[in-house]
Protein chains: 2
Amino acid sequence: MDNIDSIDLQILKHLQENSNINIKELAGKLFLTVTPVYERIKRLERDGYIMKYVALLDKKKLNLGMTVFCNVRLKEHAKNVGSNFVKDIVALPEIIECYNIAGDYDFMLKILVEDMSSYQDFVMNKLSTIENIGNTQSVFVMGEIKHSTALAI
Amino acid sequence: MDNIDSIDLQILKHLQENSNINIKELAGKLFLTVTPVYERIKRLERDGYIMKYVALLDKKKLNLGMTVFCNVRLKEHAKNVGSNFVKDIVALPEIIECYNIAGDYDFMLKILVEDMSSYQDFVMNKLSTIENIGNTQSVFVMGEIKHSTALAI
DNA sequence: TTTTTATCAGTATTTATTACTGAACAAAGT
DNA sequence: ACTTTGTTCAGTAATAAATACTGATAAAAA
């Protein structure tokens, strides 16, 4: 029911780089006609290999040019009650990503803001109001060398 | 030449969540006809607000279920010669993201691999062969709480 | 008021997607 | 060797969407 071949992989590889390519052109690259390519894409969507199609926007143009990684340690007594914390994190749109990590800290957040003063505002008025947060460590991004959404398939 | 209004923002907000929405439906949500929405999207593409359209794939289904953040410190003498390092980083497809950071380490990499043994292979045979790398620290991701490509606009 | 500019609606055209049908081929059983 | 079954594909027709074009409306500037 649920296995993919090398043609599927090729299709995925193209779509994760540019999902606006039309099926005819994609079919040409794969030396096929539109029908099999169309049906394969639909199957890959149905089976969950393709989760969604999105537009990637320019952070800087939209005044979100500052990236900060924020490591978070929960209070000792709260280690097992992560669910409230998770709900609060998901609700904050500045937090683009949140990972439960191994090591010195419990969570790592990736945060996008306009500048340093908005980051200060975020930490002071939003992040710090989340209960159970023990302490945090901010790692500021000076430059973005590489940023891809494409998997190495 | 280069300014956007609230309708543009609404369009961007929708497209970064689902770029496969058709213009007619999007126009309906914004109480407009297709033409202005179409023209606005084209302008947003031309002006670089929309960088690209991509399909987001399921990591786990494609056997890339392990995420590791790897902090890298360059050798002391190499602090100013980052360019070769950058070229090597960009060439490795397992490295999805790479940031130049402030703090204890020089760079932070986000790496996607299948499992621990492929990570070991990656560090041993690929990452460590890059010259000028001093030492590294791996932060393993146990769970992904939130992962969005959508900006808070 | 007149001109200019920007934004929009409506429509026609082009292009892409989707649905449908049947052919070709391979694997498994008779 | 010959069906049978299932899968993948090509070709074509139908549908739906994107794009191009024209002109109307309204707001801002002359």
Side-chain angles (χ1 to χ4, degrees), chain A residues 1-64 148-153, chain B residues 1-64 148-153:
Chain A
M1 171 225 170
D2 208 310
N3 224 354
I4 61 175
D5 62 14
S6 71
I7 298 177
D8 293 325
L9 274 180
Q10 296 270 55
I11 291 173
L12 292 176
K13 218 180 273 191
H14 278 100
L15 290 180
Q16 72 171 346
E17 296 288 354
N18 173 22
S19 62
N20 259 16
I21 188 173
N22 64 53
I23 297 182
K24 198 173 166 185
E25 191 183 340
L26 183 53
K29 285 178 191 284
L30 304 176
F31 304 104
L32 288 170
T33 53
V34 296
T35 310
V37 177
Y38 170 75
E39 284 169 350
R40 281 167 180 271
I41 291 175
K42 288 301 144 189
R43 178 169 50 74
L44 291 167
E45 291 169 356
R46 256 199 322 276
D47 292 351
Y49 289 93
I50 297 171
M51 295 193 303
K52 63 196 305 202
Y53 296 93
V54 302
L56 299 182
L57 310 182
D58 188 312
K59 287 197 281 284
K60 278 196 186 144
K61 289 218 165 204
L62 293 160
N63 293 325
L64 293 168
S148 169
T149 55
L151 308 182
I153 54 175
Chain B
M1 171 226 168
D2 209 311
N3 224 354
I4 61 175
D5 63 14
S6 71
I7 298 177
D8 294 325
L9 273 181
Q10 295 268 55
I11 291 173
L12 292 176
K13 218 180 275 191
H14 278 100
L15 291 181
Q16 72 172 345
E17 295 289 352
N18 172 23
S19 62
N20 260 17
I21 188 174
N22 64 54
I23 296 182
K24 198 172 167 186
E25 192 182 340
L26 183 52
K29 285 178 194 282
L30 304 176
F31 304 103
L32 288 170
T33 54
V34 295
T35 310
V37 177
Y38 170 76
E39 284 169 350
R40 281 168 181 270
I41 292 174
K42 289 299 145 190
R43 178 170 48 76
L44 291 167
E45 291 169 357
R46 256 199 322 277
D47 293 352
Y49 289 93
I50 297 171
M51 295 193 303
K52 62 196 308 200
Y53 296 93
V54 302
L56 299 182
L57 310 183
D58 187 312
K59 287 197 280 285
K60 279 197 187 142
K61 289 217 167 206
L62 292 160
N63 294 326
L64 292 168
S148 170
T149 55
L151 308 181
I153 53 176

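Letters A, B, ... mirror the listed sequences (proteins, then strands); counts begin at 1. For the numbers below, each heavy atom of this structure counts, side chains included, while hydrogens, waters and symmetry mates do not.
- In terms of modelled atom types and a separation under 3.5 Å, the side chain of A:E17 and the main chain of A:A150 share no donor-acceptor contact.
- A:I41 comes within 4.0 angstrom of nothing in the nucleic acid, heavy atoms only.
- C:dA16 atom P lies 9 Å from atom CD of A:E25, rounded to whole Å.
- As a whole-Å value, the separation of B:I23 CD1 from C:dA16 P is 14 Å.
- Contact between B:L44 and B:I4 at its shortest, heavy atoms only, is CD2-CG2, 3.8 Å.
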Please walk me through it: do B:I153 and A:L64 pass side chain to side chain contact (heavy atoms under 4.5 Å, CB included)? CA-CA 9 Å; B:I153 53 176; A:L64 293 168; 4.2 Å; yes
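- Separating the OH atom of B:Y38 from the P atom of C:dT15 is a distance of 12 Å, rounded to the nearest angstrom.
- Among the atoms of the strands shown, none is found under 4.0 Å from any heavy atom of B:L30.
- Residue A:R43 has no polar side-chain atom (N or O) positioned under 4.0 Å from OP1 or OP2 of D:dT8.
- Computed from coordinates, the A:E45 CD to C:dT17 P distance equals 11 Å when rounded to whole Å.
- Both B:F31 and A:K42 sit near DNA chain C, but only B:F31 has its closest nucleotide nearer the 5' end.
- Of the possible donor and acceptor atoms, none in the side chain of A:K29 sits under 3.5 Å from a partner among the backbone N and O of A:H14.
- Put simply, CD1 on B:I21 is 15 Å from C1' on D:dA16, counting in whole angstrom units.
- In this structure, A:E39 places its CD atom 13 Å from P of C:dT21, rounding to the nearest Å.
- In this entry the distance linking CG of B:N20 with C1' of C:dT17 reads 11 Å, nearest Å.
- Under the 3.5 Å distance criterion, the side-chain polar atoms of A:D47 are left unmatched by any main-chain donor or acceptor of A:Y49.
- Per the geometry, NZ belonging to A:K24 stands 13 Å off C1' belonging to D:dT12, to the nearest Å.
- With respect to B:E39 and B:K42, no salt bridge is recorded, no charged nitrogen being found less than 4.0 Å from a carboxylate O.
- The heavy-atom pair separating B:V34 from B:K24 by the smallest distance is CG1-CA, 3.7 Å.
- Take the nearest nucleotide of DNA chain C for A:N22 and for A:T35: the residue whose nucleotide is more 5' is A:N22.
- For B:R40 and C:dC8, the shortest distance from a side-chain N or O to OP1 or OP2 is below 4.0 Å.
- Overall bending of the helix from C:dT1-D:dA30 to C:dA16-D:dT15, expressed as the angle between end axes built from five pairs apiece, is 10° (10° steps).
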